[in-house]
Structure formats: structure tokens, C-alpha cells
Amino acid sequence: MKTDFIVNVHPDVTRIALREDERLMELIVDKADSRRIVGNIYLGSVSAVLPGMQAAFVDIGLERSAFLHVSDLRDGNLDAREFSSSLRDGKPLVGRDSEQSIESLLRKGQEILVQVTKEPIGTKGARVSTRISIAGRYVVSMPGDPVSGVSRKIGDRRERQRLRKVLDHIQVDGFGIIARTVGTGQSEESFSGDIQGLIERWKEVGELALASRAPALLHQEYDAVTTAMRDMFSPDMDAFITDSKEVCRLARQYLKKTDPGLARKVRYYRGRTPIFDHYGIEPQIDQLLHRDVPLKSGGSLVIEHTEALVAIDVNTRRYVGKRSQESTILKTNMEAAKEVARQLRLRDLGGLIVIDFIDMENEEHREKVLQCLRSELGKDRSPTKTCQVSTLGLVEMTRKRVRPSLIQALSEPCEHCGGSGRVMGPVSAATRLERFLERAAIKKRHRDLVVSIHPSLAAYLLEDEGRRLDHLCRSVQDLRIELHEDPGLRVDGFRVYSLDAHEEIVEFHD
């Protein structure tokens, strides 16, 4: 399988595409005016403690205070000054999960070190934890945590055993350590150099915290391109291609320090055709805003976002199969399972996800589809959990969400439909306007009105030589109405201005 990174750089946005056999599998969009903050470490100040929620709000210098739940507290690093001193000295205090209530652990005004684990989404502030960590190229370092382990994404048993021995040799007291997936096959010297660099960074964090007052940023995660290289660019990948000379230079510089063998895979794109067009990525991005996702067999997925969950419906559409109905359903569901996993990664969907597969009566078929889904989800960097397939074909699953979905990053709520995806039809809109004007006639406070409507509603009223408009005027015969077309209004909206009162009529009062 051919895998490559394509990076498109623009002054306002950087886009990073991960392709597998020329199919877009992941897309990272990093806007210049809204940089990601997951992974950042702050010296924060507790602004409120909420015993009823067993949570606290922490001021880390953002527009909204961050949310900290009691389950994300460790008692070894709640004294910011003491813990920072131990970091500076390279001997971090070892903490443990506490079973105490949050009001006994935190007080308003207390300074603590926290790390952002989830971006602000909608009206919610960021989520933070006192379990702080910094990821290197091959390991993740966690001060004050005695854990030592290997990423679950590394499935080879012999490699896992080898890596555990490597970690036993290089682990430093007080620093937890986890071997990352990109560390597969790397030498003990590579791991040792990585952990020593991270320890030096922790010393800098501790020293900066001691010299700062909350709120203060102590450690900033790498930019999106460097983070993507660190987390995903491995020897198995074929190329890193970018249309920016500066990104090309920085990528080679970073890889020469961390993995010299990969630096030669970085290439600068010199073509005149935009890079995402040249590699066929732009059309695939356009499809991400569509709710319908076609399947090769002729079936499709329908993806709907709601406030509480994401619903994915599987349809056979025009696919009728060649044998039995059961085999047709199985083939469609198997293909859908693979595409669902891809779409979750591609659209960066998170939270509760409900997948409505086509009903399967055969228990063996249900298990086969579920195993296919789980196997494909195993390629996902975000943790997922799936339940069994019900007799109705429903699968409930969760995917860790740390930032707004790609749909939210690429689009904004429609000004015409308010984000619902639907607008009132012309008949309903005209009837609603008629009822509003009838109320104006009953009150008899206004005689001369200017009614502003969207051009499409005006066209509807003026059809058939203005028959509908005549009916509207007859139903409110005590009023004189002047229509005005305003393309800035919602398709089903209107505004009514009274020439008598010289004001807009919003509602009527008794």
C-alpha cells in the first residue's frame, strides 16, 4: 500500500492530507486564526469549584475557563510550586489518583499545572487534566506517573517484548514512559536520546512555571505539520510532499534530528497546477460536505449530525446483488463497515455514533460485519469502542473527540436554514406572512406597510399573474402593502416596516 503526506500551505490555512493508495484517509485543517491547543500545558488558576458536579473551572488565559473533572486529578501535582520545583530538578513528585472529593483537593485561586485534552467546541470551553505529558518522536513522557508501557497499536508480540526491555533500560525515576507506534524497530539509542531530550524539556517547563504567574503558557504543542510528522510519518510511508519551500526546509530539518533516514522522502512540489488538484485531493474534500457517501457497489451511507450524536444510515440503493438477498445485504454492510471507519477518520467525527446497518437475520453475518468494522477502526489514531450488532442492525460506538469535526472546520451554519438543513416551503412561508399581516389588520395600529421578502418568495407570490399576491392583499384589505425584495433575508423569512409608526413590526402586544 502506497502512503503519502501532501501538505498545502496558504497564509490563512494549512491543509495536511494523508493518502493511502491515492484515497484520502485523513485531512487536518489548521487555520491561522484558530490554532489548535490540545497538548498545551498551562499554569492555571482555579476560578470556581463545583461540588455538585465534582468539577472545577480553571483560568488558563483563554476566552472561556477550562473544565477540570475530579477524575482528571492526581494528588502529586496539585501544589504547583512544589511540583514545578521537582520538575526543574529532574525528580518529579510521583502522584496517584485520588478518591477524595474535589472540594477537598482544590480551592478557588489555587494555581495548578494542567494540560488541554480537548479543544473548545461550540459554547464549551477546553477540557484539561493534571495528568500532563509531552510526546517525543518515539516515546510519551509523563512526569509523576510510574507507568511504563507499549502502545496498543503495536500488535507484534515479539516487538512488544523487545520494546519493554528497551524501556526497562532507559526509564528514569519519576518519569512514566510509553513507547509510541513510530518507535517500532528503533534502537535503544534512539529511545534513550528521545527521553533525555524530553527530560530537558520538563526541566524548562518547571523553571518557567516557577518564574510565572497564572495564567501562563508553559509548553506549546508543535504546529500542525510538525505534529503530523511526529505522530504519523514513519518509514512505511513513501513521501512527504509540500508546495511550501519553508515547510519543506523545516520538515527536513526536523527529520534529520529525529529520524535522518526519512529526511530524503521530503519533496518540494514545483508544479503549476495547485498541489491538491494535481494529486486528486480537492474533489475528495468537496465530498466531505455531502451527507450522502456513495459505495462502489451502488449502495450508500447517509451521515447526519445532531446535537447528541452522529447517525449513519446504510442503504442498498440501486445495488440488487446477483444471488440471494442475504448475500446482497452482507456485501453492502461489509463495504459500508470499511467506509464508515474511513469517514470517521476523514471527517474527524467524535462522541456517540450510531450506525444503522441493513438488517441481518444471520448471526454469523452480524459478527462478520462487526469484526470488519473493528478491524478497520484499529487503523484509527483516536480511541474507539464498539458494541454488538443488534437484531435491527444497529451498532453503537464512541470515538474520542478532542476538537471540532472537519465539517465544523470547513463550513458554517447556513444563514438561510439556521443549520437545520431545511427551510420552510413557499406555501408555508406565504401562509405565515399572511397570518402575520392579518394580525396587523386586526390591531388596526398600522395601515401602510413595507414588506421585505426573499426574491424566491416574491417570485412565488407573483406567479400566475400575481394571483397569490392578490389573494394576500384581499385577506388583509384594511392594509396597504408595498413589497420589497431583499436577497439578504432567509428564503422563508420576511420583515415588516410600518410607515405609520416609522418602525419595524416584530410582534404584536395586547
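This is a predicted model, so every value here is computed, not measured. When a residue number appears, it is its place in the shown sequence, counting from 1.
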Any ion pair linking [Y] and [X] (charged N to carboxylate O, less than 4.0 Å)?
X    : Y    : answer
R23  : D21  : no
R345 : E26  : yes
D380 : R399 : yes
E20  : K379 : no
R495 : E504 : yes
E22  : R19  : no
D72  : R127 : yes

Any side-chain heavy atom of [X] sitting closer than 4.5 Å to one from [Y]?
X    : Y    : answer
D30  : R36  : yes
T226 : L250 : no
N8   : T14  : no
I28  : T227 : no

Rounded to the nearest 0.5 Å, what separates atom [atom1] in [X] from atom [atom2] in [Y]?
X    : Y    : atom1 : atom2 : result
I16  : L27  : CD1   : CG    : 8.5 Å
D348 : R381 : CG    : CZ    : 8.5 Å
L346 : L288 : CG    : CG    : 4.5 Å
I312 : I303 : CD1   : CD1   : 5.0 Å
D356 : E304 : CG    : CD    : 12.5 Å
L73  : Q100 : CG    : CD    : 10.5 Å

Describe, in one word, how the ring planes of F233 and F240 are oriented to each other, choosing from parallel (under 30°), tilted (30 to 60°) and perpendicular (over 60°).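 Correct class here is perpendicular.
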Sort out for me which residue in T398, T386, L344, V340 forms a side chain to side chain contact (heavy atoms under 4.5 Å, CB included) with I353.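 Among T398, T386, L344, V340, the one that satisfies the side chain to side chain contact (heavy atoms under 4.5 Å, CB included) with I353 is L344.
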Which residues pass the ring pair (Phe, Tyr, Trp, His ring centres under 6.0 Å) test with Y460, sequence neighbours left out?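 Counting only residues at least two positions away or on another chain, Y460 forms no ring pair (Phe, Tyr, Trp, His ring centres under 6.0 Å).
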Test your reading of the model: is there a side-chain donor-acceptor pair from N40 to the backbone of E221, 3.5 Å cut-off?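 Yes: the side chain of N40 pairs with the backbone of E221.
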S133 versus I41, closest heavy-atom pair with distance: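 What the structure gives for the nearest pair is O-CD1, 4.1 Å.
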State, to 0.1 Å, how close M360 and N333 come at their nearest heavy-atom pair, and which atoms those are.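 Nearest heavy atoms, M360 then N333: SD-ND2, 3.2 Å.
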